[in-house]
Every structure is written in C-alpha cells, then in structure tokens.
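All residue numbers in this chain count up from 1 along the given sequence. What you are looking at is a predicted structure, and each value in this text was computed from that prediction instead of being measured.
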Amino acid sequence: MKVLGVDPGLTRCGVGVVEGVAGRPLTMAGVGVVRTPADADVAHRLVLIERGLEEWLDRYRPEYVAVERVFSQHNVRTVMGTAQASAVAMLCAARRGLPVALHTPSEVKAAVTGSGRADKAQVGAMVTRLLRLAAPPKPADAADALALAICHIWRAPAVNRLQAAQAAARRTPAPVRTPKGTR
C-alpha cells in the first residue's frame, strides 16, 4: 500500500509518501513541504498548493491519500486556511479517483506514539524510528505528513473490514418480525 499523507496548511502543507502494510516494516518514498508566500492572496496560495500536490501525486502515484481532519481551533483565521488547504488535497485525490481518509491529530499521535497527547518532538522521533531515518524530517509539518500516512497504513485494514461489514449489512434485508400473539 502506498499512501500520500497531507498535513494541510496555507503557508506550509506537509506531504509524505509511505509504502508498506500493517505488521511489516514501512518505507518512506518521499517527504517535503509545499510552501506558499504568506503575503499572497488566499486564492493564489490555494492554486500553488494544488499544483504542488498534483506534482506529488504524479511523481509517487499513491493508492490512498490521508489528510489531517481539521479540528476547531481558537484562531478562526488559522482553521479556515487549514480547512481550505485540506479541501484542495481532497479535491486533487478525488479528481484522480483516489480514496481519501481523514484522521484526527489525536488518532495520528496515538497510532505512532501510543499517546493521543504526544507533542511534535515525540511524533517526529517515532516517525524517524518507524521509518528507520537518520534524522527527523524537518519541518514538523513534513514529519506530521509521514505520521498521517503511517496511521492510515496501520488503520486501513480494520477500517476497510468495518466498512465492508456495514455495506453488507445495508444490502441484507432486515428480518421480518411478526408481532407477538398474531401467529
């Protein structure tokens, strides 16, 4: 399984590609950051993010895209930019017919460190260890993107089984119940 992890942001959008399957050693295929100038208008910045993500999708050809789920923050301006960058990532994936998975920051932290409250340094250290890298990816957005991809690889088998079971349950008609006393 090859997963592109995306840590969305308007100034720095972390991207990382991880290959492997749950229970086996994972391999980093690529890591980086799509950057946009802070003084550019938002529409232009979103176009730059889209172009950067398209380049990553062309180069690495992932099978899945894992994006950090936007959560409520105190700074509305920051959350809006993050949500807009997240939407661009989902749009790029959907345009290619790639499945998109959203993972919360605490899910990702718990998957790679064992604690949903881990800090950036702990996430970076575990990504370095899990992918057998010489040093933590910089900046933290890049390490977070790799952590998203790792989280998806590890969680995907269980999520896929759950989704298949739910789909099967929807296809199977519910048993007809006869009210008591009418037999």
Practice prompt. Given side chain to side chain contact (heavy atoms under 4.5 Å, CB included), test C13 with V33 step by step and report yes or no.
Written response: CA-CA 5 Å; C13 183; V33 177; 5.6 Å; no
Worksheet item: Would you say the side chain of L146 lies within less than 4.5 Å of the side chain of L131, judging by non-hydrogen atoms?
Response: yes
Worksheet item: Given the rule that I, L, V, M, F, W and Y join up when any side-chain heavy atoms are under 4.5 Å apart, are V17 and V3 in one cluster?
Response: no
Item to complete: For the residue pair E19 and L26, establish whether any side-chain heavy-atom pair is separated by less than 4.5 Å.
Response: no
Item to complete: Considering non-hydrogen atoms only, spot the tightest contact between V127 and L133 and give its length.
Response: O-CD1, 4.4 Å
Item to complete: Measure across V70 and A83 and return the closest heavy-atom pair with its distance rounded to 0.1 Å.
Response: CG2-CA, 3.7 Å
Worksheet item: Given side chains that start at C-beta, do those of P8 and V67 come closer than 4.5 Å, heavy atoms only?
Response: yes
Worksheet item: Tell me, do L98 and E63 make a side-chain contact under 4.5 Å, heavy atoms counted?
Response: no
Fill in: Heavy-atom side-chain contact between E107 and E68 under 4.5 Å
no
Worksheet, complete the sentence: Taken to the nearest 0.5 Å, the spacing of L46 CG from L10 CG works out to 5.5 Å
Worksheet item: Looking at side-chain heavy atoms only, is the closest gap between K2 and Y64 below 4.5 Å?
Response: no
Worksheet entry | Any V21 side-chain heavy atom under 4.5 Å of W154 side chain | no
Worksheet item: For residues 113-140, which residue pairs qualify under side chain to side chain donor-acceptor pair (under 3.5 Å), counting only residues two or more places apart or in two chains?
Response: K120-D144
Worksheet item: Which atom pair, heavy atoms only, marks the closest approach of L53 to A89?
Response: CD1-CA, 3.6 Å
Practice prompt. Report the C-alpha distance between V34 and L48 in whole Å, list the side-chain angles of each, state the deciding distance to 0.1 Å, and finish with yes or no for side chain to side chain contact (heavy atoms under 4.5 Å, CB included).
Written response: CA-CA 8 Å; V34 176; L48 293 174; 5.7 Å; no
Practice prompt. Using a strict cut-off of less than 4.0 Å between a Lys/Arg side-chain nitrogen and an Asp/Glu carboxylate oxygen, indicate whether E50 and R95 qualify as a salt bridge.
Written response: yes
Worksheet item: Could you state the interatomic distance from CZ (R96) to CG (D58), rounded to the nearest 0.5 Å?
Response: 4.5 Å
Fill in: Same apolar cluster: V123 and M28, side chain cutoff 4.5 Å
yes
Worksheet entry | Joint hydrophobic cluster, L148 plus I49, side-chain heavy atoms closer than 4.5 Å | no
Worksheet item: What about L130 and I153, same hydrophobic cluster or not, with Ile/Leu/Val/Met/Phe/Trp/Tyr joined at side-chain heavy-atom distances under 4.5 Å?
Response: yes
Fill in: CD-SG distance between E55 and C92, expressed to the nearest 0.5 angstrom
11.0 Å
Fill in: Spacing of S86 atom OG and R69 atom CZ [to the nearest 0.5 Å]
9.0 Å
Worksheet item: Is there a path of hydrophobic side-chain contacts, each under 4.5 Å between heavy atoms of I, L, V, M, F, W or Y residues, that connects V31 with V15?
Response: no
Worksheet item: Roughly how far apart are M90 CE and L102 CG, rounded to 0.5 Å?
Response: 5.5 Å
Discussion item. Quick check: closest heavy atoms across A149 and G5, and the distance to 0.1 Å?
Written reply: CB-N, 4.0 Å
Worksheet item: Got H152 and H103 here, is their nearest side-chain heavy-atom distance under 4.5 Å?
Response: yes
Discussion item. Can you tell me how far apart CZ (R61) and CG (L4) are? Round to the nearest 0.5 Å.
Written reply: 13.0 Å
Worksheet item: For the residue pair L57 and V65, what are the closest heavy atoms and their distance?
Response: CD2-CG2, 4.2 Å
Worksheet entry | For D141 against R12, the heavy-atom pair lying closest together | OD2-NE, 2.7 Å
Worksheet item: Would T11 and R45 count as having a side-chain donor-acceptor pair, cut-off 3.5 Å?
Response: yes
